Amino acid sequence: MKRADIEAFFATLAAANPHPQTELEYASVFELLTAVLLSAQATDVSVNKATRSLFVLANTPQKMLDLGLEGLEAQIKTIGLYHSKARHLLQTCQILVAQHGGQVPRTREALQALPGVGRKTANVVLNVAFGEPTMAVDTHIFRLGNRTGLAPGKTPLEVEQQLLKRVPAAYLVHAHHWLILHGRYICQARAPHCWQCAVASHCDFKPKTTSKSS
DNA sequence: ATCCCGAGGG
DNA sequence: CCCTCTGGAT
């Protein structure tokens, strides 16, 4: 895509959704970190369903530790991948208590040192909680980047670096959410809504079916 | 059968 | 590089 097309794309996304935000529900940075950690290969809807009751029982690292492994697993079982997520979350809580005074650290290095927290989760926390212009590349942004040619990288890291270069600076802080929402509701994996996509005319991707025709 | 705001381990 | 982890929705 040409620079002017990219500019126009983000202008459209910004106009349609001036204040984009995550669809994960959270009331603190710790809850945000927890929700994002739990969201791997799961839908936001299923994560929210579980965390609404989980956060009543445990909304701090210490309370999460008090809940215990089996108690936590029971709360997040419906999300999927629950054995490793429960184990990682408790290990993370131990580190938060022991090394960070019960707070969520603000640097990429400290975040990615937490079990269950990789580059993508760290990017989300840095962006959503601390306002940094990071680009968390999840399945939606990866797919959208490749389909449209906006960021045709072969790995999430490559796509992230391409987006950080190509997204106009003025749109960088919110670009993560605009792209994720576009990927989730328009450039979706199955039957994308190309007829309501702002960059369809600049996009080479031709789906076999769209939800309009089928 | 495929997909969902991935990360860790081999 | 590959594989595994997992329930729920479509």
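Heavy-atom basis, side chains included; hydrogens, waters and symmetry copies ignored. Note on naming: letters A, B, ... go to the chains in the order of the sequence lines (proteins, then strands), and numbering restarts at 1 for each one. All values derive from a computational prediction rather than experimental measurement.
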Rounded to whole angstrom, note down the P distance from dC5(B) over to dC3(C).
24 Å

With a 4.5 Å cut-off on side-chain heavy atoms, are Thr134(A) and Val125(A) touching?
no

Would you indicate, yes or no, if dC5(B) has its OP1 or OP2 atom less than 4.0 angstrom from a side-chain nitrogen or oxygen of Arg184(A)?
yes

For the residue pair Asn59(A) and Tyr26(A), establish whether any side-chain heavy-atom pair is separated by less than 4.5 Å.
no

Determine all donor-acceptor pairs shorter than 3.5 Å in which one atom belongs to a side chain in residues 153-161 of chain A; sequence neighbours excluded.
from: Thr155(A); atom 1: OG1; to: Glu158(A); atom 2: N; distance (Å): 3.1
from: Glu158(A); atom 1: OE1; to: Lys154(A); atom 2: N; distance (Å): 3.3
from: Glu160(A); atom 1: OE1; to: Arg119(A); atom 2: NE; distance (Å): 2.7
from: Glu160(A); atom 1: OE1; to: Asn123(A); atom 2: ND2; distance (Å): 3.3
from: Glu160(A); atom 1: OE2; to: Arg119(A); atom 2: NE; distance (Å): 3.2
from: Glu160(A); atom 1: OE2; to: Arg119(A); atom 2: NH2; distance (Å): 2.8

Please report, to 0.1 Å, the donor-acceptor pairs under 3.5 Å made by any side chain of residues 167-178 of chain A, with sequence neighbours excluded.
from: His176(A); atom 1: ND1; to: Ala136(A); atom 2: O; distance (Å): 3.4
from: His177(A); atom 1: NE2; to: Thr22(A); atom 2: N; distance (Å): 3.4
from: Trp178(A); atom 1: NE1; to: Leu13(A); atom 2: O; distance (Å): 3.4
from: Trp178(A); atom 1: NE1; to: Asn17(A); atom 2: O; distance (Å): 2.8

At a cut-off of 3.5 Å, list every protein nitrogen or oxygen paired with a nitrogen or oxygen from nucleotides 7-10 of chain B, distance to 0.1 Å.
from: dA7(B); atom 1: OP1; to: Gly118(A); atom 2: N; distance (Å): 3.1
from: dA7(B); atom 1: OP1; to: Thr121(A); atom 2: N; distance (Å): 2.9
from: dA7(B); atom 1: OP1; to: Thr121(A); atom 2: OG1; distance (Å): 2.4
from: dA7(B); atom 1: OP2; to: Lys120(A); atom 2: N; distance (Å): 3.3
from: dG8(B); atom 1: OP1; to: Gly116(A); atom 2: N; distance (Å): 2.9

Between dG6(B) atom P and Tyr82(A) atom OH, what is the distance in whole Å?
20 Å

Who pairs with Arg106(A) by side chain to side chain contact (heavy atoms under 4.5 Å, CB included), at least two apart in sequence or on another chain?
Phe130(A)

Would you please confirm or rule out a distance under 4.0 Å between OP1 or OP2 of dC5(B) and any side-chain N or O of His140(A)?
yes

Nearest whole Å is fine: how far is dT6(C) P from Leu81(A) CG?
6 Å

Using whole Å, what does the distance between atom C1' of nucleotide dC4(B) and atom CZ of Phe142(A) come to?
15 Å

Distance in angstrom units between Lys85(A) NZ and dG6(B) P, rounded:
8 Å

When you compare dT2(B) with dT6(C), how far apart are their C1' atoms, in angstrom units rounded to a whole number?
14 Å

Roughly how many Å is it from CG in Leu38(A) to P in dC5(B), rounded to a whole number?
14 Å

Sort and list the pairs that fulfil salt bridge (charged side-chain N to carboxylate O under 4.0 Å, His left out) and have at least one residue in residues 47-75 of chain A, not counting sequence neighbours.
Glu25(A)-Arg52(A)

Any residue in residues 131-139 of chain A with a heavy atom nearer than 4.0 angstrom to DNA chain B? Just list them by number, or reply none.
Asp138(A), Thr139(A)

Whole angstroms only, please: what is the CD-C1' distance between Gln41(A) and dT2(B)?
11 Å

Less than 6.0 Å separating the ring centroids of Phe9(A) and His182(A)?
yes

Base of dC5(B), side chain of Thr22(A) - is there a donor-acceptor contact under 3.5 Å?
yes

May I ask you to test the Thr121(A)-Leu111(A) pair for a side-chain heavy-atom distance under 4.5 Å?
no

Mind listing the residues from residues 148-164 of chain A sitting with a heavy atom below 4.0 Å of DNA chain B? Number order is fine.
none

Sorted by chain and residue number, the side chain to side chain contact (heavy atoms under 4.5 Å, CB included) partners of Phe205(A) (sequence neighbours excluded) come out as Arg147(A), Pro192(A), Cys203(A), Pro207(A)

Lys2(A) side chain vs His202(A) backbone, donor-acceptor pair below 3.5 Å
no

Going by the salt bridge (charged side-chain N to carboxylate O under 4.0 Å, His left out) test, which pairs reach into residues 132-144 of chain A, not counting sequence neighbours?
none

Touch class at under 4.0 angstrom, heavy-atom based, for Val36(A) against every strand present
nothing

Please tabulate, for side-chain N and O atoms in residues 29-39 of chain A, each donor-acceptor pair with protein atoms closer than 3.5 Å (sequence neighbours left out).
from: Glu31(A); atom 1: OE1; to: Ala27(A); atom 2: N; distance (Å): 2.7
from: Thr34(A); atom 1: OG1; to: Phe30(A); atom 2: O; distance (Å): 2.9
from: Ser39(A); atom 1: OG; to: Val36(A); atom 2: O; distance (Å): 2.7

Show me the protein contacts with nucleotides 8-10 of chain C, counting only N or O atoms at under 3.5 Å.
none

In whole angstroms, how far is the P atom of dG6(B) from the CG atom of Leu33(A)?
15 Å

If I take atom CD in residue Gln188(A) and atom P in nucleotide dC5(B), what distance separates them, rounded to the nearest angstrom?
11 Å

Please report the interatomic distance CG(Asn48(A)) to CD(Glu23(A)), rounded to the nearest 0.5 Å.
8.5 Å

Would you be so kind as to tabulate the donor-acceptor pairs closer than 3.5 Å made by side chains of residues 92-104 of chain A, with sequence neighbours excluded?
from: Thr92(A); atom 1: OG1; to: His88(A); atom 2: O; distance (Å): 3.2
from: Thr92(A); atom 1: OG1; to: Pro115(A); atom 2: O; distance (Å): 2.7

